[in-house]
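Since the structure comes first, as structure tokens, the remarks are kept for the end.
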Amino acid sequence: MPDSERAATVEDSALVDRARRGDMDAFEVLVRRYRNDVYALCYYFTRNREDAWDLSQEVFIKAHRALAGFRGDAGFKTWLLRIAANQSKDQLKKRRLQTTPYDDAWQPADAETGQTPGEAAEASEIGAAIDTAVSRLPAKHQMAFVLREYKGLSYQEMAEVMQCSVGTVMSRLFHARRRLQQLLAPLGLMEKKEHV
């Protein structure tokens, strides 16, 4: 674990202890620190800004109520993302939402990127194709792919969020990547590897 992550974990632990004793300022620091991570995960699964905002609020309310039960076995961020993942899955089951392409995942090119308008349009099309393919994955594979590739979590953090073993995480990620390869190869976006 890098020193910056270790320091954040120690600081989070101190903030959690203060929040447990009723210090709302301490909890507010935790909210500000992780609200973007929680919102991004909720948005990815709901595909709706208002739903993701509402869900994020519910996640922090649930986390605040459950602080007494936070044992610190996992980092606070990991624990919070687990709550967000479970809330998102519950929301999808409850509303039976159909996912739509994540238009905001691929930002338009600006002068700093040096892309021509044609290159920017092509990048946008590729992004939309990838996002559509990701949305077609089974939920458990989609979750693994999003946590690893979009959120950058380690395998151990993913296992804690998904409440499974590291081996299961690796298997789900392998299957997600293989399925994405199958979905994207016909579009010329990935080489399709033949099994020997």
Side-chain angles (χ1 to χ4, degrees), residues 1-95 97 99 102 105 134 137-176:
M1 178 183 293
D3 289 340
S4 61
E5 285 183 38
R6 189 171 287 119
T9 301
V10 169
E11 187 178 340
D12 285 353
S13 185
L15 289 167
V16 168
D17 286 341
R18 287 175 43 204
R20 281 181 179 151
R21 292 191 302 267
D23 184 344
M24 286 305 293
D25 290 336
F27 189 72
E28 181 61 31
V29 170
L30 291 167
V31 170
R32 282 194 309 271
R33 183 173 291 167
Y34 297 117
R35 66 183 170 201
N36 291 339
D37 293 310
V38 169
Y39 175 83
L41 189 60
C42 293
Y43 184 83
Y44 187 84
F45 285 99
T46 64
R47 310 302 177 121
N48 179 289
R49 287 187 172 112
E50 289 180 23
D51 288 345
W53 177 251
D54 291 343
L55 209 49
S56 296
Q57 296 299 313
E58 290 175 26
V59 167
F60 283 108
I61 290 168
K62 188 170 188 173
H64 187 264
R65 289 179 181 155
L67 274 178
F70 176 64
R71 296 186 313 258
D73 297 339
F76 181 78
K77 178 182 177 182
T78 303
W79 180 71
L80 196 58
L81 289 177
R82 181 184 313 144
I83 294 171
N86 289 337
Q87 288 289 106
S88 296
K89 287 190 288 186
D90 290 347
Q91 180 80 356
L92 288 174
K93 286 177 188 173
K94 186 172 24 172
R95 294 190 182 178
L97 293 177
T99 57
Y102 180 35
V134 170
L137 295 174
K140 61 187 178 183
H141 296 159
Q142 187 180 48
M143 174 81 67
F145 187 82
V146 169
L147 292 176
R148 180 68 177 175
E149 303 301 336
Y150 292 0
K151 300 304 297 169
L153 297 186
S154 69
Y155 290 124
Q156 183 60 45
E157 291 170 323
M158 291 169 63
E160 291 167 5
V161 168
M162 298 170 68
Q163 298 178 313
C164 62
S165 70
V166 171
T168 300
V169 165
M170 294 172 75
S171 173
R172 289 178 182 176
L173 194 54
F174 169 80
H175 289 293

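- Residues His175 and Pro138 form no side-chain contact, since every pair of their non-hydrogen atoms from C-beta on lies 4.5 Å or further apart.
- Ring geometry for Phe70 versus Trp79: interplanar angle of 30 to 60°, hence tilted.
- The backbone N or O of Gly167 sits nowhere less than 3.5 Å from a side-chain atom of Ser171 that would complete a donor-acceptor pair.
- To the nearest 0.5 Å, atom OG1 of residue Thr78 and atom CG of residue Asp73 are 11.5 Å apart.
- Taking the six-membered ring where the residue is Trp, Tyr44 and Tyr150 present perpendicular rings, their angle passing 60° and hence far from 30°.
- Surrounding NZ of Lys140 are at most 12 heavy atoms belonging to other residues, nucleotides or ligands under 6.0 Å away.
- Proximity of a side-chain donor or acceptor of Arg148 to a complementary backbone N or O of Leu153 within less than 3.5 Å is detected.
- From Leu30, atom CG reaches atom CG of Asp25 across 11.5 Å, with rounding to the nearest 0.5 Å.
- Of all the heavy atoms in Leu81 and Leu41, the pair that sits closest is O-CD2, 3.7 Å.
- Taking CG from Asp12 and CG from Asp17, the interatomic distance works out to 11.0 Å, rounded to the nearest 0.5 Å.
- Note that OH of Tyr34 and CZ of Phe60 are 10.0 Å apart. Values are rounded to the nearest 0.5 Å.
- Annotation: cation-pi pair Arg47/Phe45 absent, no NZ/CZ under 6.0 Å from the ring centroid and within 45° of its normal.
- Remark: Arg33 engages Glu11 in a salt bridge, criterion side-chain N to carboxylate O under 4.0 Å.
- Side-chain contact between Arg172 and Met158 is absent, with no heavy atoms from C-beta onward closer than 4.5 Å.
- When only modelled atom types and interatomic distance are considered, Gln156 and Glu160 share a side-chain donor-acceptor pair under 3.5 Å.
- Smallest separation of non-hydrogen atoms from Lys77 and Asp37: CE-OD2, 3.7 Å.
- In this structure, CD in Glu157 is found 11.5 Å from CZ in Arg82, a value given to the nearest 0.5 Å.
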- When you look at Trp53 and Glu50, which way does the side-chain contact (heavy atoms from CB on, under 4.5 Å) test go after all the steps? CA-CA 5 Å; Trp53 177 251; Glu50 289 180 23; 5.6 Å; no
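- Scanning both residues, Cys42 and Val59, for their nearest heavy atoms gives SG-CG2, 4.3 Å.
- In this structure, CE in Met143 is found 13.0 Å from CG in Leu173, a value given to the nearest 0.5 Å.
- Atom CD of Gln163 has more than 12 neighbouring heavy atoms from other residues, nucleotides or ligands inside a 6.0 Å radius.
- Using a cut-off of 4.0 Å between Lys/Arg side-chain N and Asp/Glu carboxylate O, Asp23 and Arg21 are scored as not salt-bridged.
- A pairwise comparison of heavy atoms in Arg18 and Ala26 identifies CB-CB, 3.7 Å as the closest pair.
- Here the side chains of Leu67 and His64 are in contact, with some heavy-atom distance below 4.5 Å.
- Using cut-offs of 30° and 60° on the angle between ring planes, the pair Tyr39 and Tyr43 is parallel.
- Residues Ala159 and Ser165 share a closest heavy-atom pair of CB-C, 3.9 Å.
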